[in-house]
Amino acid sequence: MTEYISVKNPATGELIEEVKTNTNEEVEQAILRSHESFKAWSSVNAHERSRLLQSWSRLIQENKEEIAKVMTLESGKPIKESLGEVDYATSYIDWYAEEAKRLYGRTIPANTETKRIIITRQAVGPVAAITPWNFPAAMMTRKAAPALAAGCTFVVKPAAETPLTTIKLIELAHKAGIPENVVQCVNGSGKTIGDIFTSSPYIRKITFTGSTPVGKSLITKSANTVQHVSMELGGHAPVIVAADADIDFAVTQTIASKFRNAGQTCICANRVLVHESVVDEFSQKLASAVSRLKVGNGLHEDIDVGPVINKNGFNKVVSQLEDAVNKGAEVLAGNEFDANQEKGYFFIHPTVLKDVKEDMNIMQEETFGPVIPITTFTELDEAIKIANSTPFGLASYFFTNDYRTGVYLNENLDFGIVGWNDGAPSAAHAPFGGMKESGIGREGGSEGIEPYLETKYLSIGNL
Ligand code: ADP
């Protein structure tokens, strides 16, 4: 019996479309096609692969409005953010279309006249990707683009909440001339398809963006087939506001970091640590700006914050809020909801909490919702200690105009991404990724294609 995923609009609970799921056999066949087309695709010259990627990017841009609308419908994010994400997603394709031409090898002087040593880079093999719902376009293209540029074939399983954007993008890849067997999409249960991917001898690399527990399970399972792994997992980003910071700037940047996609990004500001001498000014300005943000259906152009993705996401945020308020946090803005369990939509008004303490759950776990908890510090080292006291190590931010403080913070924060007076550091040309339990590997920049390449060492003798 054919099964379907019901894709629903998180702003209304209404059904958008039913997407057919793939049977296990169909997933196996997709993997086999990936394997069988690998030789031909990896032999296509780099300039031609580059041209095909450029055509794909162009087609996406030509269909920008339509893709953005689908993205807002299925993810709930405001339409201006969806339009921005289409640009962000194509920026990865553009970047790796260029990097495809720069997969340089090297030669090493041998220790005898009769030998030569040549190092080349080659595609790792068929790649399997599992992507999340919070950036349905960009999380896919930042895996697909370097994979295809390197000469890998690619099969992706998008999140069940947001498969429509991915399906549309893959359709456009084919239209651009990238062969159908080279880039494919399969749909169904993450666990089942994840098991098929990780146990397949044909898949040489698994790349995943999502929660840390699922990432750990994929790492464990892929050990059996010794697949290469790239993991972009959870975060718990600290924001440190130093005594000398430009407070107005810190406020706007914290808002930009926190409320993108209703707080559902892995690099969202999650804990705000403010020097005690400026905490009142910062909190008041922040709360006043936050209470002006407009919440609602992302299709309306003036909306700043859409719904959270589903009931589980909503319940997690609400329980963190209850816990914080019960333990003494003061609500400066928000803590209001517009939720309808029956219809299936969940809006959380942007919330600011003050007097947050370390023993509150919100300081211990990723929130993935539109809530800013503020706590204070006296000494910089105290802020660094709190910031680092988490198994996560993805993004961190700090605001200071003192260069010694800035350099000291950068050198002491255990995070893969550091924003110094910058709440929006993501860019296709820079390496994005986490330390500790936030992940393995980097996406973006020249680093982002490395995980799709193998190093081959050729030793020529008897010369
Ligand atoms: P989130 O909590 O953000 O939804 P998940 O890690 O649950 O993050 O989901 C990210 C992606 O991982 C989705 O495509 C989802 O279907 C998939 N997924 C969920 N559970 C598993 C699993 N056990 N194995 C493999 N993939 C999974």
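- At a threshold of 4.5 Å between non-hydrogen side-chain atoms, the residues N315 and K311 count as touching.
- Side-chain contact check for D94 and S57: at least one donor-acceptor pair (N or O, by modelled atom type) lies under 3.5 Å.
- In this structure a side-chain-to-backbone donor-acceptor pair under 3.5 Å is present from K258 to G369.
- Defined by atom type and a distance below 3.5 Å, a donor-acceptor pair is present between the side-chain atoms of Q61 and D87.
- Atom NZ of K385 has 12 or fewer neighbouring heavy atoms from other residues, nucleotides or ligands inside a 6.0 Å radius.
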* With side chain to side chain donor-acceptor pair (under 3.5 Å) as the test, would you mind laying out the steps for T72 and S82 before giving the verdict? => CA-CA 6 Å; T72 288; S82 295; 2.7 Å; yes
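- If you check the side chains of S230 and K205, you find a donor sitting under 3.5 Å from an acceptor.
- Judged purely by distance below 3.5 Å, without hydrogens or angles, the side chains of N421 and D246 never pair a donor atom with an acceptor atom.
- With E301 contributing its side chain and I79 its backbone, the two residues share no donor-acceptor pair below 3.5 Å.
- Checked by atom type, the side-chain pair E454/H228 shows a donor-acceptor distance below 3.5 Å.
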* **Trace of the side chain to side chain donor-acceptor pair (under 3.5 Å) decision for E74 with T165** => CA-CA 8 Å; E74 66 179 354; T165 306; 2.5 Å; yes
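- With sequence neighbours left out, E85 forms a salt bridge (Lys or Arg N to Asp or Glu O under 4.0 Å) with K77.
- Looking at R58 and E62, no side-chain N of the basic residue comes within less than 4.0 Å of a carboxylate O on the acidic one, giving no salt bridge.
- Checked for salt-bridge contact, R121 and E450 meet the test: a charged N lies under 4.0 Å from a carboxylate O.
- Although no hydrogens or angles enter the test, the distance criterion places a donor-acceptor pair under 3.5 Å between the side chain of R442 and the main chain of G434.
- For the residue pair R142/Y88, the side-chain donor-acceptor check at 3.5 Å is satisfied.
- T207 and K143 form a side-chain donor-acceptor contact under 3.5 Å, judged by distance and modelled atom types alone.
- Between the E382 side chain and the T378 main chain, a donor and an acceptor come within less than 3.5 Å of each other.
- Counting only heavy atoms from C-beta outward, the side chains of R49 and L148 never approach each other to under 4.5 Å.
- For Q320 and T367, the side-chain atoms include at least one donor-acceptor pair closer than 3.5 Å.
- Applying the side chain to side chain donor-acceptor pair (under 3.5 Å) test to D402 and every residue at least two apart in sequence or in another chain returns T405.
- Shown here is K69, whose NZ atom has no more than 12 heavy atoms of other residues, nucleotides or ligands within 6.0 Å.
- Of the residues V352, V290, T351, the one that meets the side chain to side chain contact (heavy atoms under 4.5 Å, CB included) test with V371 is T351.
- In K294, the NZ atom is not crowded: 12 or fewer heavy atoms of neighbouring residues, nucleotides or ligands sit closer than 6.0 Å.
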* Asked: Step by step, would you call D359 with K327 a side-chain contact (heavy atoms from CB on, under 4.5 Å)?
  -> CA-CA 9 Å; D359 67 338; K327 288 178 182 158; 4.3 Å; yes
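- For F368 and W133, the ring centers sit closer than 6.0 Å to each other.
- Aromatic ring centroids of F314 and F337 lie under 6.0 Å apart.
- Between the side chains of S50 and Q54, a donor-acceptor pair is found at a separation under 3.5 Å.
- Side chains of T198 and Q227: no donor on one and acceptor on the other come within 3.5 Å.
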